[in-house]
Structure formats: structure tokens, C-alpha cells
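Labels below follow one simple rule: chain letters A, B, ... track the order of the sequence lines, proteins then strands, and each chain is numbered from 1.
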Amino acid sequence: MTVSTTSSAVLPPGLVVAPQAPDLLVPVQVRRGVFGFLRNNPTVAIGGAILLILVLIGIFAPVLWTVDPTALAPAKRMRPPSELSWFGTDALGRDVYSRVMFGARVSLTVGLSVALLATLAGLAIGLVSGFVRWADAIIMRIMDGLMSIPPILLAIALMALTRGSVGNVIMAITIAEIPRVSRLVRGVVLSLREQPYVDAAVACGTRTPMIILRHILPNTLAPLLVQATYVCASAMIVEAILSFIGAGTPPTIPSWGNIMAEGRALWQVKPFLVFFPAAFLSITVLAVNLVGDGLRDALDPRMAKNL
Amino acid sequence: MNAPLLQVNDLKKHFPIRGKLFRRSTSRVYAVDGVSFEIARGETLSLVGESGCGKSTVGRAILRLFDVTAGQVVLDGQRIDDLSADRLRRIRRRVQVVFQDPFSSLNPRLSVRDILAEPIRNFDLAKSSAELEEKIAALMDTVRLPRDALDRRPHEFSGGQRQRICIARALAAEPDLIVCDEAVSALDVSVKAQIVNLLQDLQREFGLALLFISHDLAIVEHMTHRVAVMYLGKIVEMAPRNRIFAEPKHPYTRALLSAVPVPDPTVRRKPMILKGDVPSPINPPSGCRFHTRCPYVFDRCRTEEPELRQTAEGQWAACHLESLP
């Protein structure tokens with residue numbers, strides 16, 4: 001069934017060969033690899049770059065011209081930003097710049113750990129309820145129950161049961177985020193199960209674990225990755241809120257939330273106490289959301305050759 | 001060789017409709033309700049009928065994509081409707097499928113090579129990776145796709161090419177029977193012809209039996225040996241191709257055939273137009289299922305269900321009109 005495209009050399013009289021027309025569309029340069037992907041998706045590149053800087057800040061906080069973020073200095077309380085203390089000092093004389101730099105660690109740790117843990121747990125729960133019909137009803141009723149409680153309230157309640165520590169904060173926010181992720185995964189799994197290629201794989205003798213691994217899981221990853229970035233952003237905000245109301249990170253560990261909480265009483269007279277941590281938090285959340293939006297557009301399976 | 005390859009005896013598939021509260025079964029959809037037929041080796045049986053008449057359900061039941069409600073599916077003398085999952089998996093090699101939509105029947109994240117390797121690996125049809133590679137390349141030749149397309153993904157192909165990949169995947173298992181579930185319905189006319197010709201060539205080459213599920217009677221007439229006409233979950237007529245197109249017995253078959261357009265504007269004919277819609281398979285009519293729309297209906301049709309009776313050599317019809325005298 002090969003189609004012959006060669007035109008015959010002998011033309012009937014009255015006909016001429018069409019002239020070679022120039023290409024209307026200039027060929028697009030195919031960009032491959034990680035850098036090609038980033039150039040094709042500038043939102044991911046910008047968001048990723050900002051996140052990378054923040055991660056580096058978190059890692060190298062001790063050497064970024066910081067002082068001990070918990071060192072009290074009653075003599076120089078509430079200094080405005082100056083060349084000595086770039087972001088000023090707080091009510092106890094601690095250097096706000098150092099506290100904000102070290103605070104990045106808490107926010108990023110919480111955001112990334114919650115995103116990872118909630119995604120993995122949600123993926124497992126979602127796969128089970130998408131595949132095991134009898135378990136679905138039970139699991140989803142529990143998830144509905146968890147979802148009916150606002151996530152912040154749930155996290156506050158969970159924190160009230162434990163001691164304030166970064167680990168407990170991560171756990172509380174993870175539990176609050178799991179229902180959303182598992183609902184998403186379950187929905188995707190249910191729709192993928194009905195795809196003809198899954199039926200064809202069954203007819204090809206593929207076993208159920210392999211069907212999940214080869215045909216279901218890779219096609220859930222794209223929406224899941226996007227969801228993970230939103231979970232990450234939301235976790236950072238919830239962490240800040242928990243610390244702000246004193247239910248989160250203990251005051252001995254600086255986090256953007258508790259820096260803001262301590263500056264709250266004075267923010268009309270000394271706005272810089274709240275401004276700097278708030279700005280960092282906003283920029284971080286914005287960067288994570290940029291990555292999420294960019295990935296959502298980029299991870300359309302038809303575009304995802306390079307991943 | 002005289003024993004049929006596939007025998008379907010009184011196959012039934014009812015789907016329960018579950019109520020919202022506690023998922024009680026409130027009523028059932030009688031999707032397939034007592035269907036029997038045979039397919040010989042190397043034969044094409046076409047299953048035709050309106051949408052919703054249960055054609056695809058029959059195909060999926062033969063593929064054992066779900067458990068059947070009642071009846072038997074016998075492949076080469078072995079019942080496959082009650083096999084355990086593990087034994088069924090080995091039998092699956094012999095019955096493969098090509099679906100209607102070439103866009104959703106290939107996993108978008110796998111390369112053509114991986115798609116074709118899957119059945120070969122599952123059924124241990126290649127002893128070494130070199131043999132696997134050889135088989136995959138041969139499959140590409142068989143369905144007339146270039147070998148260098150192996151590393152591409154499905155979205156880089158056209159609909160017709162994807163359907164060729166689906167056919168190659170079905171052939172990879174070295175089956176005896178391929179269920180073509182509306183396999184050419186979604187394709188352009190010219191591509192459709194190519195795929196139909198390819199299927200015919202493959203049938204001749206490998207001695208494949210085909211269960212060709214379709215609503216396109218022109219294609220069916222072109223490529224089939226026998227035709228079974230389904231209406232509301234039952235076979236109403238079954239006959240060799242020549243007889244069904246020349247001398248349809250069942251009123252429904254006649255109505256179906258008269259709906260096929262004739263590519264000649266000078267031909268005058270009286271189309272047989274059926275009144276009303278197909279009744280719901282949740283609550284099928286009593287007696288003959290076709291009595292609500294049949295132009296020749298009489299009292300007996302409303303109460304007594306007609307059986308499939310032989311009216312001529314190889315031709316079977318389920319109609320009281322045929323069994324009167």
C-alpha cells in the first residue's frame with residue numbers, strides 16, 4: 001500500500017508542473033534536553049530560578065553575612081533597616097535579615113516535604129480506591145469527612161494534639177492535604193481505566209500491577225505534578241498561618257510566619273518587621289505557582305516528548 | 001479443522017443499575033440477551049446493528065474484558081468464560097482486539113516499539129532481545145509502516161497509521177481471532193479502504209478469523225463471509241453475505257439494508273422507514289423485541305418470542321413470518 005508520489009515525467013498536453021512554492025512556515029527549531037524544555041516554557045524557567053535562589057539561600061543561610069538569628073540584643077531594639085542590619089532589628093534586638101534568611105529553611109522544608117509526602121500518600125490512596133471498587137466507597141467517605149473540615153482548622157486541631165515542631169507541622173499539613181490529592185488521583189485513574197488502551201493491554205495479557213505501572217501511573221503523573229506544586233504553595237502558607245497564630249514552628253526556630261507574628265503588634269509603627277518576611281513568603285509562593293502553571297501547560301502528553 | 005474456532009452459546013450480559021443508596025441493584029440493562037454464533041478458522045463474521053444493540057458488548061465478552069452473566073464462550077473446544085484469571089491470561093493470546101478510536105487505543109507515553117513489545121513479552125513469544133527486535137520489525141513490515149517509526153510516539157502518526165499500529169499490536173500476539181470493534185468507523189473513506197484491504201490481506205496470510213463489528217454495511221458487504229444482524233441484544237438474522245444482501249428475511253434486516261445509500265441518483269426505490277426509536281434495553285418489549293417497530297406485526301409477535309430458525313441453507317432468521325406455514 002505504498003503511495004507513489006513521483007510525478008510522471010510525461011505530462012499530458014495543456015498541463016504544466018506547479019512551481020516549487022516557498023515554505024509558508026519557517027521550520028521551528030526543535031529544542032531538546034532540560035535547557036530546551038526551559039526555553040520552551042519560560043514560566044517554569046522563571047519560577048524555577050526563583051525557587052533555586054531561595055533553596056540556595058536556605059542552604060547557605062549561615063554564610064550569607066548573617067548573624068545568629070536568635071541572639072538577643074536589647075540595646076539595639078527595633079532599629080530601622082540600615083547598612084548594619086539590612087532589614088532592621090525586631091523588638092528583642094534580633095537581626096531580621098538573618099531571621100528571614102534562616103526562615104527560608106522552615107518554609108521550604110515544610111513546603112517541599114508536604115508536597116512530597118501528600119503526593120505519595122495521595123497517589124497510593126487514589127490508586128487503591130480507583131482500582132479496588134469495594135474499598136473506594138469507604139476511603140472516599142473518609143476523605144469526604146476530612147475535606148469537610150477546612151485544612152487550616154484541621155492542621156490547628158492536629159497541632160493542638162502534639163508539640164510544636166517542624167516535623168509535627170509537616171505531618172499536620174500533610175494530613176490536611178491528602179484528601180485533595182487522593183481525589184484527583186482517583187478521578188484520573190477512573191477515567192484512565194476506561195481507556196481502550198487499557199482494555200487492549202488486558203487483552204494483551206498484561207497483569208494488573210504492570211497495567212498500573214505502565215499504563216495508569218505515567219498518565220497520572222502530569223496532573224499530579226501540577227497538583228504537587230499547588231500543595232507545596234498552600235503548605236507554605238498554612239505553615240506561616242500556623243506559626244503566626246502560635247500553633248506551628250516553635251518561637252526558637254525562626255520561620256516567616258512567626259517573624260510576622262512577632263512583628264504584628266508593632267507593624268503600624270515599624271512596618272519593616274512584617275514587610276520582609278511577608279515579601280519573601282509571597283515571592284516563594286508565587287514562584288511555586290509559576291512552576292505549577294508552566295508545568296500544567298507543558299505536560300500535555302502531546303508536548304511531553306522531551307520528558 | 002471442521003470444529004469452529006469460536007463458539008458462543010446463549011451468551012448473556014446484563015449490567016445491573018445500582019441505586020444511590022447502598023448500591024442496591026434496582027434493575028438491569030439487558031445489553032446482550034441470548035446470543036449464539038460460531039466462527040470458523042479464517043472466517044469473517046460481521047456483527048451489524050444500530051448503536052446500543054449490544055454488538056460491542058458481545059466483542060468485549062469474547063475478549064473477556066468482563067465476566068459474562070450467562071452462556072458459554074468456547075474457543076477451540078475450551079470454555080473460556082469461566083477460567084481463572086491466571087489460565088485466562090495464557091488463552092488471551094489467541095483473541096486480540098482492534099478498537100474504534102485509534103487515538104485512545106494507544107498509550108500516549110509509550111513508543112511504538114514498547115507498544116508492540118508488550119504482547120510479545122507477556123506471552124513469551126521471543127526468546128532473546130534480538131528475536132524480539134526482529135519480530136517487531138517484521139510486524140512493522142506486515143502492516144506497511146516504516147521501521148524507523150519505531151521510536152516515535154502515537155501522537156506523531158495519523159489516524160490510519162495509528163490503526164495500523166493497533167493491528168500490529170494485535171498481530172504481535174499471533175492470535176487466531178481478532179475482534180475488530182468498529183475498527184474502521186473512525187477513519188476517512190480512503191484510509192478506511194486501505195485498512196480494510198490490509199485486514200483482508202492479513203486474514204489470507206495468517207488464516208485469521210475476524211469478528212468484524214460494524215454499522216457500515218457497505219464495508220461489511222465488501223469484506224465479510226457471513227453477517228449476523230443484532231437488534232436489542234439478540235441476533236435476529238444470520239446468513240452468508242450473498243444471501244443477506246440479496247434475500248434478507250427479517251424485516252429489521254430489510255429496513256437496515258434499505259437505509260444503505262445507493263450511489264446512483266437514477267435508481268428509484270421505496271425505502272423502508274421504521275417508526276419510532278429502539279426501545280430501552282432496560283425494559284425490552286415482550287415477545288419479539290422488534291414488534292414495536294415492525295411493519296408486519298401481528299398478535300403472536302407481542303406475546304411469543306420467535307426463535308432463530310433456519311430458512312435456507314446457512315440462513316437463520318428469528319421471525320414468526322418465516323415460520324408460519
| Does the distance from a Lys or Arg side-chain N to an Asp or Glu carboxylate O, for R60(B) and D199(A), drop under 4.0 Å? | yes

| Is it the backbone or the side chain of D86(B) that comes under 4.5 Å from a heavy atom of chain A, or both, or neither? | side chain

| said: I'd like to know which of S104(B), P154(B), P119(B) tops the heavy-atom pair count under 4.5 Å against chain A. | reply: S104(B)

| field | Whether over 12 other heavy atoms sit under 6.0 Å from R87(B) CZ | value | no

| query | When only pairs under 4.5 Å are counted, which of I120(B), L88(B), I91(B), L110(B) shares the most heavy-atom pairs with chain A? | reply | L110(B)

| task | Go through the atoms of V98(B) and report whether side chain, backbone, both or neither lie under 4.5 Å from a heavy atom of chain A. | result | neither

| Does F66(B) have its ring centroid less than 6.0 Å away from the ring centroid of F15(B)? | yes

| field | Portion of L106(B) that has a non-hydrogen atom of chain A nearer than 4.5 angstrom | value | backbone

Enumerate donor-acceptor pairs with a distance under 3.5 Å from any side-chain N or O in residues 109-122 of chain A to protein atoms, sequence neighbours excluded.
from, atom 1, to, atom 2, distance (Å)
T109(A), OG1, R105(A), O, 2.4
S113(A), OG, T109(A), O, 2.3
T119(A), OG1, A115(A), O, 2.4

| message | Strictly distance-based, threshold 3.5 Å: is any side-chain N or O of S105(B) a donor or acceptor partner for the main-chain N or O of Y197(A)? | response | no

